[in-house]
2 protein chains.
Amino acid sequence: MRRLPSRPITATDVARAAGVSQSAVSRTFTPGASVAPATRAKVLEAVKLLGYRPNALARSLITGRSRIVAVVMAYLDNQFYPDVLEELSGRLQERDHQVLLFTAKNGSASDPLLDQVMRYQVDAVVLASTTLSSALARECRAAGVPVVLFNRTTDDPDVSSVTGDNLGGAERIAAFLAAGGHRALAFMAGSETSSTNRDRERGFLRGIARAGLPKPTRVVGHYTLAGAAEATRALLSGPARPDAIFCANDHMAIACIDVARHAFGLRVPEDLSVVGFDDVGAAAWRGYDLTTFSQPLQPMVEATVGTLMDLLENPEEPPRAAVIKGELVVRGSARLPAGGFTTHEGRRVWRP
Amino acid sequence: MRRLPSRPITATDVARAAGVSQSAVSRTFTPGASVAPATRAKVLEAVKLLGYRPNALARSLITGRSRIVAVVMAYLDNQFYPDVLEELSGRLQERDHQVLLFTAKNGSASDPLLDQVMRYQVDAVVLASTTLSSALARECRAAGVPVVLFNRTTDDPDVSSVTGDNLGGAERIAAFLAAGGHRALAFMAGSETSSTNRDRERGFLRGIARAGLPKPTRVVGHYTLAGAAEATRALLSGPARPDAIFCANDHMAIACIDVARHAFGLRVPEDLSVVGFDDVGAAAWRGYDLTTFSQPLQPMVEATVGTLMDLLENPEEPPRAAVIKGELVVRGSARLPAGGFTTHEGRRVWRP
DNA sequence: CCAGGATTTGCATAGGTATGCATAGGGCGC
DNA sequence: GCGCCCTATGCATACCTATGCAAATCCTGG
């Protein structure tokens, strides 16, 4: 019963079976095209009979739209990204677009990758990798392909981006830690070349200055678990042990807590407060119960898809730099200030 | 300086610039084609000058190969899957193939999804979703598209699959718990329709029978955090509290530990042992330190890609059902037997 | 019953590349 | 120096669908 797929069924086959022209078949699958209901019915019957499916590639060749969006990602072990991916893919599928996924090895050159992206005639590109050189963005734009940077910005004011409130969030974290009575703060940087890290550090420093606290100790965790663990060890072995660490993302904060607890026997938050950024799923796990500034997934993805669709309609659209507000979600990994708590969407949050 | 993308550069443009025919350009990009080095050089120069990139879609139209592999996934919040995705995508990119990602909402019908998959003329499909109906697999095969089931099997002996050692692993877990002196075992099922769950349950029961222990209590966690939390509450509130729970995957085991510790004040493993399956990254986090049976990612993905490539070369290839062996990775979430420990790739493992 | 407008239909072509075939060119041996 | 063979090249066509245009059909109102 293993019937060989003799030859793929084409629109011409369907046309012959339905006794109409190939054009009629095409129009049946083109929304808004002019087809008589009777013809349409005949066509659909033949389609069902033969198991025909339009060839999206051939269609793209003519229309110049592939309905494919390239998504470039790295760090998929940081839960934030798969969550973004799932949401993004879902939203795009809803709008009849597909996701062509490119995973960038962390240190790898982006050139061959860009080549592949361009060859597939993607309609747009979402760059959701903090590390990739912004050359990629520039080249895409040069080729006339709309680009949206996700969770990342670049100096080029001509490229659209969607980010969380890195500056404001980090500043609020500083205020929160100051209000909680911490005096010796530390900052664990992620990847030093990333814009998220730059903004979060800048915001944190600004908040610290405002609170009149001394400059924080600084270590680098490279946005990886291993890097964060090592950075934590360095920090806690040093002469001036901090009483609070702000890690540039949740992923690192988790490693930080693990090391503090199990390698140094510290209690969190009694001996050491740890705060993260992103509010990934694991931050709510009771084993970590992480206080963190949220990057609201759905609004961020909606802004991305919205920008994308607008750019597809009109490539001349001026670029947007959307900054999606978040909240400081208070859990149990940092000592609490006396007041300032509110409830937001069922979670306890803090505002200065 | 915003140069409008006047018109995409085609091979004909390059040919004109290089003073050769369009065929020569095409052959320059076709490995093994007959082109004189001098011609090739002229072409490449023009290519660079104009910024030409071959149109992969047009190429696919002729060759009948798109070099696109559809990957259908769900449950991206279970860390196992993004890890698989990253590895799979990397391996396929190495072999010049691209990943078209389809995320299946957990309960959704697979038909419109299948339609999209087929329209894009993908060369092959990887089904990595425990929930999706096997109708999808059947239909793909009917259309002559190679399918590999990942972490899942089906009754149809004609479709290839790659899984971990669900039966053997679960059986070993039972033996491990028995050797550790547990007497009242419980099993937390995942999605009851999935083959992984079926096999893990079957293996667990077999191991229990072999050890001469009574049948385990059974709850269902649906492979979700919320489901697992509720199942754990039901289990621990019940009359006969178990002294060990085998959760059908790590994702659920984590929720289980959280509830046991924080809602019931139990100590893990002193009051309750918890064992998972998969050995995801989070299992090694010190906050959970989960004992679990590993599904080795790289071998599984390699087997998948290997099968895929072979099927692409020869669609008549007989189907394979690869079962990748794993190890019982011993950490701190379950009471330990007296002996049976070994070291395997730097991790402590247990063999009966 | 007819004219005229609106709607539907088919024809032909385009979109960018790969490839079979025939031809042109080059090198080598005798 | 000639012939032969092998390599390199160009021409023409095919892949499958969408769409402008002209022709055909239908419907409506007078």
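The chains referred to below are lettered A, B, ... by the order of the sequence lines, with proteins before strands, and numbering in each begins at 1. Quantities reported herein were computed from a predicted structural model and do not represent experimental measurements.
Across the interface with DNA chain D, nearest-nucleotide mapping of B:G19 and A:R53 shows B:G19 to be the residue nearer the 5′ end. Across the interface with DNA chain C, nearest-nucleotide mapping of A:Q22 and B:A58 shows A:Q22 to be the residue nearer the 5′ end.
Taking side-chain N and O atoms only, B:S34 has a distance below 4.0 Å to OP1 or OP2 of D:dA8. Close to D:dT17, at under 4.0 Å from its OP1 or OP2, lies a side-chain N or O of A:Y52. Contact annotation: B:S26 side-chain N/O to C:dA18 OP1/OP2 distance is under 4.0 Å.
Of the listed nucleotides (C:dT17, D:dT19, D:dT17), C:dT17 has the atom at the smallest distance from the side chain of B:N55.
For A:S23 against D:dT19, a side-chain N or O and a base N or O form a donor-acceptor pair under 3.5 Å. Taking 3.5 Å as the limit, the base of C:dG10 and the side chain of A:R27 contain a donor-acceptor pair of atoms between them.
Taking a cutoff of 4.0 Å between a charged side-chain nitrogen and a carboxylate oxygen, B:R91 and B:E94 qualify as a salt bridge. A salt bridge between A:R53 and B:D115 is present, with a side-chain N of the basic residue lying under 4.0 Å from a carboxylate O of the acidic one.
One can place CD1 of B:I62 at 15 Å from P of D:dT17, the figure rounded to the nearest angstrom. For B:R67 and C:dT17, the CZ to C1' distance is 15 Å, given to the nearest whole Å.
A centroid separation of less than 6.0 Å is found between the aromatic rings of A:F29 and A:Y52.
Residue contacts for A:V25: at a heavy-atom cut-off of 4.0 Å it reaches no nucleic acid atom on any strand shown. Looking at heavy-atom distances under 4.0 Å, A:T10 makes contact with sugar-phosphate atoms alone, never a base.
Contact detail for A:Q22 and A:A15: the closest heavy-atom pair is N-CB, 3.6 Å.
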